[in-house]
Each structure stands twice: as C-alpha cells, then as structure tokens.
Amino acid sequence: MGKAVRLDKFLADAGAGTRSEVKKMIQKGFVQVNGTVVKKPEQKVELSADKVEVNGKIMGAAPEFVYYLLHKPAGYVSATEDARDKTVLELVPCGKRRNLFPVGRLDKDTEGLLLITDDGALAHELLSPKKHVDKTYYALVDGQVTEDDVKKIAVGVDIGEEKPTLPAKLEILSVKENLTNEGAFWQSEIRLTIHEGKFHQVKRMMEALGKKVTYLKRLSMGPLVLPKELKKGECRPLTAEEVNALKKTDKNLVK
Ligand code: URA
C-alpha cells in the first residue's frame, strides 16, 4: 500500500496550480482519477497506484525533493522570509509552496551559486562542519594580495574564532594599480577555496590579511559549479548527475 494524499495536495505538489486553483479545477470537473471525474478535493489518491488526469493530461507524482541551482544576484537575502529585504526564494518557482530553503547563506551583497532545496537531510550533510565541503569564491579585493598572503591562508588565519581557519587555497588572478581622480589604488582579483562556512568567512579571512573584499561571488560548492550560461537571478533544476554527485559528496580536501 503506497502513500495516500488528498487530491488537491497531490495536484498542487505536482505543479498543476496553487492549492486554491486546483480546488476550483476539481470542483469544476476537470480532474479524473482512474478515468472517473472526481469533484471532491479531499478525496485521497495513492501516489503509486492511481492515475490522475487534468483535462486529459496525466499528472505524475510529485518528486519527493526538488533541487535548484540559483545564480544569486546581490540585494537578496539567503532566508525563507524577511520583513525588509527580498529573499532568494522569490527567484525560485514554487519556492514558498514547497517549503524550499537555501543550503547555507551568501551575504546580501554576495553573488553566485546557491543551492535551494527541500531535502533537509542532504542540506544537513552538506553544511556539516565535519564534511568540509569545499566552496570556491572569486573576489575583488582592495590592496595588493601577495605570495606571503597565499602562504598564510594555506596554513590558516585568525578571524577571531576559537581556532584559526582551516588551511585553504588562495590563488592570485591579478594585481593592478588603478588610477582615479582621487589618486591611485591597488586592487587584486583572487580565487579562494575554503572548506568551512563561517559567517562572513571570506571577508574576514581577507580582513585578517589587512585587505577589504569589495565584490564576492561563489563559483562552486562541492561538485556543483555555477554554469556560465545561468544569468544573475536565474535558476535551473539540478540534473540527476548533479544530485547524485552531491549525495556522494564526502570530504573534499584541498588539492
Ligand atoms: N564569505 C563571505 O564573507 N560572504 C559570503 O557571502 C560567503 C562567504
């Protein structure tokens, strides 16, 4: 015997419409269960056994969990609700209805890859400090990042926590002197791969080196990479391969 759920819930979860929209469809006689029109939204259907049709179109069972890869733009907070700010869930289809949530946080001004799901167990695994899932960021930093900074980051720096940060990998992409009306200033582009997820971690690591992050973007998390074609504010469902790779994610060490 499979799991029985209310017909209106089944249809809403399967993406046929909101709960009130599907109720109306049912009451108007647009929905058939096993070939018979059913007008009661509360009627139970069994996911594995019953054939449910809306206007003759067979509705598949809703997946147990959904996974979206979002290219987070700046200006959105990584929360499910916020009284003041726009949340990342506003950028994901059926974000509210399915109780989706972001896996971890990116600061309001940070851009880049954010995983959104309703799979609590997977989120817990990915965020577990023991798992050390690696995250790679691109950053623009005021000042000249040096080889000495690379060495310090490789060992761990003091960001005011009980222990220094875990060894991480800092790559210098460019160091340039910019000339402006206010004078000349140095700016560096870096890539930083960390294995923890402390609050404001990248910004605090750079601060520990006496430098300020002025732009931050997450490029990857574990096996997930921000796709080049995914524009800011867009999201797409993870592929089956990506979901499998995430589920296999174990300890990723600095290479
Ligand atoms: N580190 C930060 O400082 N901010 C982020 O949003 C992510 C990592």
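Along the sequence shown, residues carry numbers from 1. Note that the structure is predicted; figures quoted are calculated from it, not measured. Start at 1 and go down the list; that is how both ligands and their atoms are numbered.
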Trainee: Checking Y67 against D119: is there a side-chain donor and acceptor pair closer than 3.5 Å?
Mentor: yes

Trainee: Checking K86 now: which residues fulfil salt bridge (charged side-chain N to carboxylate O under 4.0 Å, His left out) with it, not counting sequence neighbours?
Mentor: none

Trainee: What do the steps show when you test E125 against K130 for salt bridge (Lys or Arg N to Asp or Glu O under 4.0 Å), and what is the final call?
Mentor: CA-CA 9 Å; E125 286 292 296; K130 288 198 197 105; over 6 Å; no

Trainee: Quiz question: by atom type and distance under 3.5 Å, do the side chains of R191 and Y138 form a donor-acceptor pair?
Mentor: no

Trainee: Output all residues satisfying side chain to side chain contact (heavy atoms under 4.5 Å, CB included) with E21, sequence neighbours left out; order by chain, then residue number.
Mentor: T18

Trainee: Near ligand 1, which protein residues have a heavy atom under 4.0 Å away?
Mentor: L106, D107, T110, Y137, H200, Q201, V202, K203, L216

Trainee: Excluding sequence neighbours, so at least two apart, what forms salt bridge (charged side-chain N to carboxylate O under 4.0 Å, His left out) with K44?
Mentor: none

